[in-house]
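In what follows, every heavy atom counts, from backbone to side chain, and hydrogens, waters and symmetry copies are set aside.
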Amino acid sequence: MLILSPSSVRFGGEVWGDVYRVAVESLSVELVEEWGDEGPYGVFVDSARRKTLVRVLQDVDRDELSTPVVGSEGLFVVEVDRGNDADRSVVTLSGVVESVSYSFSGLRTTREVRLVAVSSSGDQDPVSVSGGE
């Protein structure tokens with residue numbers, strides 16, 4: 001999932017301003033693969049363990065002395081509003097801050113916060129999307 005221009009981003013009750021990109025990425029941590037006797041191609045593949053990562057890119061135009069703390073957990077909420085209620089979506093997940101880093105390009109400074117999504121139970125997708133359907 002890629003959100004190019006979120007209307008608002010909150011984590012743990014704190015509003016994160018100037019966020020210009022949010023990417024929610026899914027990856028397989030453990031694959032189960034099986035092959036048959038008929039040829040070289042797999043006949044069964046399943047993702048036994050999955051991980052959901054969130055990358056948040058934010059413009060920084062002033063000193064940032066308080067940043068998200070690595071290891072902190074909170075509710076992460078992204079609102080996307082394209083001008084009317086029918087196009088409004090909200091992405092919600094519980095996440096833990098994995099890393100906070102900065103990059104510099106000319107006069108532009110970008111902060112990247114990486115979160116790992118946490119499922120309420122092991123069989124539930126940790127990401128919830130409402131509205132905009």
### Message
Tell me if the centroids of the rings in Tyr41 and Trp35 come within less than 6.0 Å of each other.
### Response
no
### Task
Determine, using the 4.5 Å side-chain heavy-atom cutoff (strictly less than), whether Leu75 and Trp16 are members of one ILVMFWY cluster.
no
Could you list the donor-acceptor pairs under 3.5 angstrom formed between side-chain atoms of residues 19-27 and any protein atom two or more places apart in sequence or on another chain?
{"residue": "Tyr20", "atom": "OH", "partner": "Thr110", "partner atom": "OG1", "Å": "3.4"}
{"residue": "Arg21", "atom": "NH1", "partner": "Leu4", "partner atom": "O", "Å": "2.9"}
{"residue": "Glu25", "atom": "OE2", "partner": "Arg55", "partner atom": "NE", "Å": "3.2"}
{"residue": "Glu25", "atom": "OE2", "partner": "Arg55", "partner atom": "NH2", "Å": "3.1"}

### Task
Check the pair Gln58 / Glu112 against side chain to side chain contact (heavy atoms under 4.5 Å, CB included), numbers first and verdict last.
CA-CA 6 Å; Gln58 182 178 26; Glu112 180 175 354; over 6 Å; no
### Message
Are Val113 and Arg111 packed together at the side-chain level, in the sense that at least one heavy-atom pair is separated by less than 4.5 angstrom?
### Response
yes
### Query
Is it true that a side-chain atom of Asp46 and a backbone atom of Ala48 form a donor plus acceptor pair closer than 3.5 Å?
no
### Task
Provide the closest heavy-atom pair for Glu98 versus Val70 in the form atom of the first, atom of the second, distance.
O-CG1, 3.6 Å
### Query
Picking from Ser89, Ser8, Ser7, what satisfies side-chain contact (heavy atoms from CB on, under 4.5 Å) with Asp81?
Ser7
### Query
Taking atom CG of Asp123 as the centre, does the number of heavy atoms from other residues, nucleotides or ligands within less than 6.0 Å exceed 12?
yes
### Task
Using atom types as modelled and distance alone, determine if a side-chain donor or acceptor of Thr92 lies under 3.5 Å from a backbone N or O of Val77.
no
### Task
Would you please say whether a donor-acceptor pair under 3.5 Å links the side chains of Glu30 and Ser47?
no
### Message
Under 4.5 Å between side-chain heavy atoms, counting indirect links through other Ile/Leu/Val/Met/Phe/Trp/Tyr residues: same cluster for Leu53 and Leu57 or not?
### Response
no
### Task
Apply side chain to side chain contact (heavy atoms under 4.5 Å, CB included) to Phe11 and Leu115, showing your working.
CA-CA 10 Å; Phe11 177 72; Leu115 303 163; 4.0 Å; yes
#### Entry: Full working for side chain to side chain contact (heavy atoms under 4.5 Å, CB included) between Val78 and Val90
CA-CA 6 Å; Val78 180; Val90 179; over 6 Å; no
## Note on the structure
Distance col, row Glu33:CD vs Phe44:CZ, nearest 0.5 angstrom, shows 10.5 Å
### Task
Evaluate side chain to side chain contact (heavy atoms under 4.5 Å, CB included) for Phe76 paired with Val54, printing each intermediate quantity in order.
CA-CA 10 Å; Phe76 180 76; Val54 180; 3.8 Å; yes
### Task
Taking all heavy atoms of Thr52 and all of Pro126, pick out the closest pair and write down the distance.
OG1-CG, 3.8 Å
### Query
Val118, Val127: one ILVMFWY side-chain cluster at the under-4.5 Å cut-off?
no
### Apart from Leu31 itself, residues in the same hydrophobic cluster as defined by side-chain heavy atoms under 4.5 Å
Val45
### Task
Identify the two heavy atoms, one from Val60 and one from Arg62, that lie closest to each other, and give their separation to 0.1 Å.
CG1-O, 3.3 Å
### Summary
Heavy-atom nearest pair, Pro68 first then Val100, reads O-CG2, 3.4 Å
### Message
Show the nearest heavy-atom pair for residues Val80 and Ile3, with the distance to one decimal.
### Response
CG2-CG2, 3.6 Å
### Query
Roughly how far, to the nearest 0.5 Å, is the OG atom of Ser130 from the CZ atom of Arg88?
7.5 Å
### Query
Under 6.0 Å from the CD atom of Glu73, do we count more than 12 heavy atoms belonging to anything else shown?
yes
### Message
Measuring only between side-chain heavy atoms, which start at C-beta, is Val91 closer than 4.5 Å to Met1?
### Response
yes
